[in-house]
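Only one structure is covered here, and it is reproduced in the block below.
Just so you know, these numbers use all the heavy atoms, side chains as well, and skip hydrogens, waters and symmetry mates. A quick note: this is a predicted structure, and the numbers were derived from the prediction, not measured. The first residue in the sequence is number 1, and the count goes up from there.
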Amino acid sequence: RSVNNFLMTGPKAYLIYSSSVAAGAQSGIEECKFQFAWDRWNCPERALQLSSHGGLRSANRETAFVHAISSAGVMYTLTRNCSLGDFDNCGCDDSRNGQLGGQGWLWGGCSDNVGFGEAISKQFVDALETGQDARAAMNLHNNEAGRKAVKGTMKRTCKCHGVSGSCTTQTCWLQLPEFREVGTYLKERYHKALKVDLLQGVGNSAASRGAIAETFSSISKKELVHLEDSPDYCLENKTLGLLGTEGRECLKRGKALSKWEKRSCRRLCGDCGLAVEERRAEMVSSCNCKFHWCCAVRCEQCRKRVTKYFCVRKENQLPGHRLPSVTA
């Protein structure tokens, strides 16, 4: 629904960007799911409706991340599509070309036009926020933090110039990173998100709006902010649309697992008062593929036994109740 809201809210003059906005919002959703795959809150579908819509008005750090990554996804995709020549009215950012960038290098080449992506994405994403209360201010702040994340992770690329392959001077330009870098950057900001205490006694009067604006203006636009503490994601809460961690898969063993992934069984199961259940399953996949003239690829079906781990209730544990975890 958040994707549809982006498209329906945008000014008519900007409808030529609608497919990029939709793709950008979707990339934000996918990145959210990747970043939180092994967290207790794993970016469930309901969370992906931006918080101003559908009555969902949470204001915790997870809401902050959803706004930031959605905003970043839209800006990133618009910028990339501009560079690919998808829009007639957009091209390279050469505004600094010829200027001294640093010792031994000049601005030049074809920088990705993040200014264009920033301006158009702001028209779509910020237009979703029609309120003037503390939650609206929080959402707008986190939208901006997402855009700052895209700009802050841009990479400088350079080309050498000189006689016989020497590098007497360099011309440099800015390019978008992989979107995964933006997601990782925002996940770090999520862990350091600042709590702003504005909910108590703050109404919608002119004085209140002034106090809200003054508070948020004192916080760096790079920071994620939230107003409320997060609920207990271990437990199911139908009112909040939380599924809890019972039934979730976790990781114990595997090649190239990060420390965070290796601790997922403890985080999702043990620390939530659940047991870890080992299950064996058979996976079927294509293998031993060969090319046959002309022109087909034929594969065999290989079967492989795999072990997976899931969070389950302990004996005598009632649904929706957490038993104390045991720390060795």
Side-chain angles (χ1 to χ4, degrees), residues 2-3 5-32 50 67-102 104-129 139-161 169-186 189 220-224:
S2 60
V3 175
N5 284 328
F6 278 137
L7 303 184
M8 293 171 64
T9 308
K12 300 300 182 185
Y14 291 97
L15 289 179
I16 58 172
Y17 309 122
S18 60
S19 60
S20 292
V21 172
Q26 185 62 39
S27 69
I29 289 170
E30 296 303 322
E31 187 60 25
C32 181
L50 293 188
H67 274 266
I69 198 67
S70 298
S71 176
V74 173
M75 174 178 168
Y76 183 98
T77 304
L78 284 164
T79 302
R80 184 189 61 191
N81 289 359
C82 167
S83 297
L84 293 174
D86 292 344
F87 308 128
D88 292 337
N89 61 335
C90 175
C92 299
D93 177 9
D94 56 5
S95 58
R96 290 184 286 185
N97 283 13
Q99 296 179 20
L100 184 65
W105 67 275
L106 300 171
W107 284 105
C110 181
S111 292
D112 284 329
N113 198 337
V114 288
F116 168 86
E118 181 179 32
I120 303 301
S121 64
K122 193 170 185 177
Q123 291 288 335
F124 279 95
V125 182
D126 286 6
L128 292 172
E129 207 54 61
N139 294 339
L140 289 172
H141 181 99
N142 291 320
N143 290 347
E144 180 64 20
R147 292 188 286 266
K148 292 290 186 186
V150 176
K151 295 177 76 172
T153 52
M154 295 279 286
K155 304 292 184 183
R156 195 176 84 206
T157 303
C158 298
K159 180 179 180 181
C160 283
H161 305 276
T169 60
Q170 294 185 84
T171 53
C172 303
W173 58 95
L174 290 177
Q175 288 184 316
L176 290 169
E178 294 295 323
F179 192 58
R180 178 59 33 82
E181 292 187 43
V182 180
T184 300
Y185 174 92
L186 285 173
R189 293 289 179 182
S220 168
K221 295 186 183 298
K222 296 180 180 180
E223 304 294 337
L224 296 189

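Contact record, C32 with I69: CB-CG2, 4.2 Å, taken as the closest heavy-atom pair. When every heavy atom of L186 is checked against every heavy atom of A72, the shortest pair comes out as CD1-CB, 4.2 Å. S121 and E118 make their closest contact through OG-O, 3.0 Å (heavy atoms, listed as atom of the first residue, atom of the second, distance).
With respect to K155 and E181, a salt bridge is recorded, a charged nitrogen being found less than 4.0 Å from a carboxylate O.
For E223, the side-chain hydrogen bond (donor to acceptor under 3.5 Å, both in side chains) criterion is met by R189, not counting sequence neighbours. Applying the side-chain hydrogen bond (donor to acceptor under 3.5 Å, both in side chains) test to T184 and every residue at least two apart in sequence or in another chain returns Q35. Not a single side-chain hydrogen bond (donor to acceptor under 3.5 Å, both in side chains) links D88 to another residue, sequence neighbours left out. The side chain to side chain contact (heavy atoms under 4.5 Å, CB included) test applied to T157 returns W173, Q175, not counting sequence neighbours. Checked against side chain to side chain contact (heavy atoms under 4.5 Å, CB included), D94 has the following partners two or more places apart in sequence or in another chain: N97. Remark: L100 engages L106 in a side chain to side chain contact (heavy atoms under 4.5 Å, CB included) (not counting sequence neighbours).
When ring centroids are compared, F124 and Y17 stay outside the 6.0 Å threshold.
Residues D112 and T79 bring no donor and acceptor atom of their side chains to less than 3.5 Å of each other.
Within the 3.5 Å criterion, the main-chain N or O of S220 finds a donor-acceptor partner in the side chain of H141.
You'll find the side chain of E31 reaches within 4.5 Å of the side chain of R180, heavy atoms only. Taking 4.5 Å as the limit, some side-chain heavy atom of L176 sits within range of a side-chain heavy atom of V114. No side-chain heavy atom of T169 sits under 4.5 Å from any side-chain heavy atom of W105. A 4.5 Å side-chain heavy-atom check between N113 and C90 finds at least one atom pair inside the cut-off. Looking at M75 and K122, their side chains never come closer than 4.5 Å, going by heavy atoms from C-beta outward.
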